[in-house]
There are 2 protein chains.
Amino acid sequence: MTKRSAQAPPRDATPPRTRIQKRNRELILEAALEVFSQTGYRGATLDQIAAEAGLSKPNLLYYYPSKEAIHRELLHGLLDTWLDPLKALDHGGEPLDEILEYVRRKLQLARDFPRESRIFANEILQGAPTILPDLEGDLKTLVDRTAQTINHWVKADRLAPVDPVHLIFSIWALTQHYADFEVQVRAVNGGADPFPAAEQHLETLFRRMLSPA
Amino acid sequence: MTKRSAQAPPRDATPPRTRIQKRNRELILEAALEVFSQTGYRGATLDQIAAEAGLSKPNLLYYYPSKEAIHRELLHGLLDTWLDPLKALDHGGEPLDEILEYVRRKLQLARDFPRESRIFANEILQGAPTILPDLEGDLKTLVDRTAQTINHWVKADRLAPVDPVHLIFSIWALTQHYADFEVQVRAVNGGADPFPAAEQHLETLFRRMLSPA
DNA sequence: GTCTATATCACGATAGAC
DNA sequence: GTCTATCGTGATATAGAC
């Protein structure tokens, strides 16, 4: 494979029909999540995924037509979960509370689903060959909508002046850092669990940054 | 290759003797930087690196004994450059200015050397198989020292109370995000250059967060 | 020092029996 | 649906001529 983006027929697997199919597809996706998140798309092998899923390699390829198909379905399934917290932001709520709650949810995701976070990080790092259209589409739409809300809050003096899009970038960066760079965080932290202090730290940070004058 | 960490003799290349050797080694490292940063360690091939360096593949392997040796030397060479801004922090300076200057330098690195940032991100994401010792050693030492200074600043009321280590994490996360997740940033940003606004945004953020009461 | 040619092997994917 | 066996490709690394 020279370029993942320049390929002929990106055909997904057919939808599951029986319960066994459903179960095995789930087993495969769970195994793929584990393996892809550790070594990235290129580093992962079908052998590893098959072993992790408790299936033989050909059997795995009976359920999904190719390695790329597994990866694609995994990413798209994850995208929703990943964007949910932003969708849950209540545009009619109390501004600072809404944002702090969003930060809290994102940090929880980083703590509870680090593998998901790392798969995304890997995908973006390589230039998002699979989900770039989703980033330019759904994600951009969602961010633009949220940015409008934040701008309204600022204009109504309910939030300190801030660039709304870069505020969202900041929330992503600060929370996902604890999942994606966990090894570094723990190395510097002496191996201790960083999340309790991180939660406190981020709440302080955003409070000071965003409390209206 | 199943595990990069479980290998027998990690022997580096011999030091360069002639000017030609020096020049070719530099060519190779520059090419490796380009290729590794795009597709990660596993995704990169010696063919690509050789082509990028303008050398034949066997010739490339005359200068470095293996793909891993190239990667290792590249990472270690980068580590210094990457930590310099933190070392440059003046413990006797004006606290807020010093930190803002550090943020500015890190953001400049993200803008001017995104390939270096992405190679690090890739390495950490995969569990830092090559540079974990450096993280637990030099990096931790440097962070601990800086944290002490920040704590002194806080105790002298020259800086708002803050968890010093998580402050450093925050600076890393917020600046490197613009290099490592550039594709996502640009997708959401409509393709525009995010750096001018980012610089303004981060200065505001850290000013509000850290200005003493 | 640099090249052509090639050994060797791992990986993705397929064939075909059951 | 699941397995064993295997094909074809592409990648790292080496041999050996020049």
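Computed from a predicted structure; not experimentally measured. Chain naming here is simple, since letters A, B, ... match the order of the sequence lines and numbering starts at 1 in each.
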Under 3.5 Å, which donor-acceptor pairs do the side chains of residues 190-202 of chain A form with other protein atoms, sequence neighbours left out?
unit_1	atom_1	unit_2	atom_2	d
A/D193	OD1	A/F195	N	3.1
A/H201	NE2	B/H166	O	3.3
A/H201	NE2	B/S170	OG	2.7

Report, one line per pair, each donor and acceptor closer than 3.5 Å where one atom sits in a side chain of residues 85-92 of chain B; sequence neighbours left out.
unit_1	atom_1	unit_2	atom_2	d
B/D90	OD1	B/G92	N	2.8
B/H91	ND1	B/T149	OG1	2.3

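The separation between B/I20 atom CD1 and C/dG1 atom C1' is 8 Å, rounded to whole Å. Whole-Å rounding puts the B/R42 CZ to C/dC11 C1' distance at 10 Å. Summarising the geometry, the separation between CG on B/L60 and P on C/dT2 is reported as 11 Å, rounded to the nearest angstrom. If you measure from atom CZ of A/F36 to atom C1' of C/dG12, you get 12 Å, rounded to the nearest angstrom.
Between A/T18 and the phosphate of D/dG1, there is a side-chain N or O to OP1/OP2 separation shorter than 4.0 Å. One finds a side-chain N or O of A/Y63 lying less than 4.0 angstrom from the OP1 or OP2 phosphate oxygen of D/dT2. Contact between the side-chain N/O atoms of A/N59 and the OP1/OP2 oxygens of D/dG1 is not found at any separation under 4.0 Å. Phosphate proximity of C/dT2 to B/S56: absent, as no side-chain N or O sits under 4.0 Å from OP1 or OP2.
Listed by chain and residue number, A/D144 satisfy the side-chain contact (heavy atoms from CB on, under 4.5 Å) test with A/K140 (two or more places apart in sequence, or in another chain). For the side-chain contact (heavy atoms from CB on, under 4.5 Å) test, residues two or more places apart in sequence or in another chain that qualify with A/E26 are A/K22. A/F206 pairs by the ring-ring contact (aromatic ring centres under 6.0 Å, His included) definition with nothing, not counting sequence neighbours.
For the pair A/R111 and A/Y178, the cation-pi criterion (under 6.0 Å, within 45° of the ring axis) is not fulfilled.
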Next item on the list: Treat primed atoms plus P, OP1 and OP2 as sugar-phosphate and everything else as base, then score nucleotides 12-18 of chain D 5' to 3': B for base contact with protein heavy atoms under 4.0 Å, S for sugar-phosphate contact only, - for none.
Entry: BBB----
